[in-house]
Number of protein chains: 2
Amino acid sequence: MKQRPATIRDVARRAGVSVASVSRALNGHENIREETRGRVMRAIADLQYVPNAAARSLSNAKTGTLGVVLPDLYGEFFSELIRGMDKAASDHGYLLLLSTMHADPALAGQALAVMRGRVDGVIVMAPQLSRETIDALMPAELPGVEVISEASADRPSIGIDNRAGGAMGARHLLNIGRRRLAHIMGHENNFDARQRRDGFVEAVTKAGAAEPLIAIGDFREDSGARAVENWLKRGDSFDGLMAANDMMAIGAMEALRAHGLRIPEDVAVIGFDDIPLARHLGLSTIRVHVAEIGSDAVNRLVAMIKNGQIGPTAHNQPLELVARASTLGGPA
Amino acid sequence: MKQRPATIRDVARRAGVSVASVSRALNGHENIREETRGRVMRAIADLQYVPNAAARSLSNAKTGTLGVVLPDLYGEFFSELIRGMDKAASDHGYLLLLSTMHADPALAGQALAVMRGRVDGVIVMAPQLSRETIDALMPAELPGVEVISEASADRPSIGIDNRAGGAMGARHLLNIGRRRLAHIMGHENNFDARQRRDGFVEAVTKAGAAEPLIAIGDFREDSGARAVENWLKRGDSFDGLMAANDMMAIGAMEALRAHGLRIPEDVAVIGFDDIPLARHLGLSTIRVHVAEIGSDAVNRLVAMIKNGQIGPTAHNQPLELVARASTLGGPA
DNA sequence: CTGTTAGCGCCTTCAA
DNA sequence: TTGAAGGCGCTAACAG
């Protein structure tokens, strides 16, 4: 039945040449006669020979695969990121080895350790871990790039300019005449969340508007709704609201409407990410080109693998303001 | 700087034992004294030794990774599937090697070939390929399971009962009193699309209702809208519509509303998948538990790897009718 | 241009 | 319980 797959030696025997020649033919070396190459190729086809990847890696210390370590993957964001990575990876002839990394640093370390010896480089996304933790965990001998994390002092990182995004949102609300602004941020210990808030607050302050309301959410729909409920209950009023992501903005919109407030007449709302839902619900947002972040990360990593480490470089994918119904129209 | 990672020999030297003992300690064998094991473990910690995966695979013909070959996937479906797979895989101590497979059978073959020797088994999803093509492409010596494909005669497959889903949708529309039904299917050569249509048509026929209108879409929003446009233009009328997925249903709803038709009063609409958008737009749908399909596939594959091939078994994840605003209320 | 051969790092008989 | 040694399949010197 399931016979042992052909090895390079079987091919050599069948083609009547040495294993070296087979290897040369296989790897497209120059120093081999066309006729010999032909014989080898025929033997390979006859035997349905496929080189053993493990042996190959062992021998030349290359695996042809890139490790990708991500947090728990929910939603569109990840499929976009992975899609972008996969595209770039396969363009370069690499495969992707996937692993999710949990918040627990010990487990996170495991995720990275398992990759050693199976990949030529790693892409890590760990917004939930501190810079020190990440630095301590990254295998030193492996080229690595970080995605959507605080810019590293050691490695290249690709991300988004969260501060700029927060500021874009604030300015947009101010531009359409809103003056009493509010912001729903993500977890306090999430890097992106803090940056977006800082950018938002800074832009508001710079414009001379009143200090904005700030609530802490968790990037999920419910938390957006809760934030709004709390404000309204306390009698806090605002006419412009930015949430640190679209899901919270959507939750917020529902809560606002539930309280009879009109969008955008009473409160203009803007989110962050531009998930598909945003378009369908007419939610203004800051668009992030997620797939590009992924391919960018892979391209950079591949460059590192080929040309050696390139040190820290922070690259931000450009953001884009997408104005929709939730912020259209003049002030209340 | 970047010194060579420690090998098993370094550990042996440091611990003052032989490599065999290190290997035994590492793999939790019994025939080794506790004290020796301790010495080895300490040396491992000191040296930050991590076994080289390639060498290990070469030596025991196991890779500890599962190959996943998917079509170009957009959206939530993809991340859910991967999430489910990743969860199950990491539970079993496996990593996932990802690759996308394009519609071109030649390229599809490549995707699978690259996996050979790097994985212990493969999960393939290829609804766009014919059964024969898939069978021809699947490496015979590798355990494989198929997902969301036509049930195979050789391998286990995990999927959904598309016919039942189509029928569920039809019956629901009939139950709420609709009699002139329409269905927007996916690509003619997509297995799922055909099955859903067949289930739909069969249920309608069985109920003695008029033969439904059928349009061919491509699973994307636009095609749902176009289908509706065409029907309306031709003067075809219907009061119940099922699309083969939510995106097309959403496109259809927009087109219906653009023509002044009310949902569900004039036309009740139901989709398939239950993507997050569906809930937000109040679209009734047939819910698919995607993550479970993924973990189920992995569990089955791991079982095959451990216990040998298990032959063809078709397993369907249960479907669930989710009734929302788009089908609530009585007939027109 | 081609063949021989020594590793790559690990596991695993086989002896001791 | 331990060590020595062969072999997994492939690549890359090194000779011819």
Side-chain angles (χ1 to χ4, degrees), chain A residues 3-41 43-44 47-65 113-120 139 141-142, chain B residues 3-41 43-44 47-65 113-120 141:
Chain A
Q3 79 249 351
R4 171 182 61 73
T7 78
I8 196 173
R9 255 196 294 253
D10 300 326
V11 176
R13 196 171 314 125
R14 170 121 189 173
V17 301
S18 73
V19 294
S21 291
V22 177
S23 176
R24 287 192 266 258
L26 219 48
N27 299 298
H29 288 192
E30 288 307 310
N31 48 349
I32 181 173
R33 236 189 330 173
E34 258 322 308
E35 191 229 313
T36 316
R37 179 192 304 281
R39 286 236 299 288
V40 171
M41 288 321 204
I44 288 181
L47 268 39
Q48 306 222 55
Y49 167 73
V50 177
N52 177 307
R56 200 172 211 152
S57 322
L58 180 56
S59 171
N60 59 16
K62 286 191 178 65
T63 64
T65 102
V114 194
M115 294 259 161
R116 288 189 52 177
R118 336 183 114 187
V119 300
D120 297 334
E141 81 283 5
L142 217 51
Chain B
Q3 79 247 353
R4 171 182 60 73
T7 78
I8 196 173
R9 252 194 298 251
D10 300 326
V11 177
R13 196 171 314 125
R14 171 124 190 169
V17 299
S18 75
V19 296
S21 292
V22 177
S23 176
R24 287 191 265 257
L26 219 48
N27 299 299
H29 288 193
E30 289 306 310
N31 49 350
I32 181 173
R33 232 185 336 171
E34 258 321 308
E35 189 228 314
T36 315
R37 181 193 302 280
R39 286 235 299 289
V40 171
M41 288 320 203
I44 288 181
L47 268 37
Q48 307 223 54
Y49 167 74
V50 177
N52 177 307
R56 198 170 214 156
S57 322
L58 179 56
S59 160
N60 59 15
K62 285 190 178 67
T63 64
T65 101
V114 197
M115 294 258 160
R116 289 188 53 177
R118 342 184 97 178
V119 298
D120 297 333
E141 82 283 2

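All values below come from the heavy atoms of this structure, side chains included, with hydrogens, waters and symmetry mates left out. A, B, ... follow the sequence lines: proteins, then strands. Residue 1 opens every chain. Just so it is clear, the model here is predicted, and its values are computed rather than measured.
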Let me check something: any side-chain donor-acceptor pairs from residues 53-62 of chain A under 3.5 Å, sequence neighbours excluded? List them with distances.
unit_1: A/Arg56; atom_1: NH2; unit_2: A/Asn27; atom_2: OD1; d: 2.8
unit_1: A/Ser57; atom_1: OG; unit_2: A/Ala53; atom_2: O; d: 2.7
unit_1: A/Ser57; atom_1: OG; unit_2: A/Lys62; atom_2: O; d: 3.4
unit_1: A/Asn60; atom_1: OD1; unit_2: A/Lys62; atom_2: N; d: 3.2

Where do B/Val11 and B/Val40 come nearest, in terms of heavy atoms and distance? CG1-O, 4.1 Å
Looking at every non-hydrogen atom in both residues, tell me the closest pair between A/Arg118 and A/Thr65 and how far apart they are. O-OG1, 3.0 Å
A/Thr63: which residues meet the side chain to side chain donor-acceptor pair (under 3.5 Å) condition with it, sequence neighbours left out? A/Asp120
Who pairs with B/Arg39 by side chain to side chain donor-acceptor pair (under 3.5 Å), at least two apart in sequence or on another chain? B/Glu35
For B/Tyr49 against B/Leu26, the heavy-atom pair lying closest together: CE2-CD2, 3.8 Å
Residues from residues 31-38 of chain B lying under 4.0 Å of DNA chain D - heavy atoms: B/Asn31, B/Ile32, B/Arg33, B/Thr36
Shortest non-hydrogen contact from A/Ala12 to A/Val19? CB-N, 3.7 Å
Going 5' to 3' on DNA chain C, which nucleotide is the first and which the last to come under 4.0 Å of a heavy atom in chain A? C/dC1 to C/dG9
If you walk 5' to 3' along DNA chain D, what is the first nucleotide with an atom under 4.0 Å of a heavy atom in chain A, and what is the last? D/dC8 to D/dA12
Salt bridge (charged side-chain N to carboxylate O under 4.0 Å, His left out) against B/Arg9, all qualifying residues, sequence neighbours excluded: none
CA sep, side-chain torsions, deciding dist, call: B/Asp10, B/Arg13, side-chain contact (heavy atoms from CB on, under 4.5 Å): CA-CA 5 Å; B/Asp10 300 326; B/Arg13 196 171 314 125; 3.6 Å; yes
Shortest non-hydrogen pair, B/Val50 vs A/Ala113, comes out as CG1-O, 3.9 Å
B/Glu34: side chain to side chain donor-acceptor pair (under 3.5 Å) partners, not counting sequence neighbours: B/Arg37
Would you work out how much the helix from C/dC1-D/dG16 to C/dA16-D/dT1 bends between its ends, with each end axis defined by five base pairs, to 10 degrees? 40°
With rounding to the nearest 0.5 Å, note down the distance linking CZ in A/Arg14 to CD1 in A/Ile44. 12.0 Å
Quick check on contacts: within residues 22-30 of chain B, what sits under 4.0 Å from DNA chain C by heavy-atom distance? B/Ser23, B/Asn27, B/His29
Under 4.0 Å from any atom of DNA chain C, heavy atoms only: list the residues of residues 52-63 of chain A that qualify, in numerical order. A/Leu58, A/Ser59
Against B/Val22, only a single residue in B/Thr7, B/Ile32, B/Val17 fulfils side chain to side chain contact (heavy atoms under 4.5 Å, CB included); can you say which? B/Val17
Partner set under side chain to side chain donor-acceptor pair (under 3.5 Å) for A/Arg24, not counting sequence neighbours: none
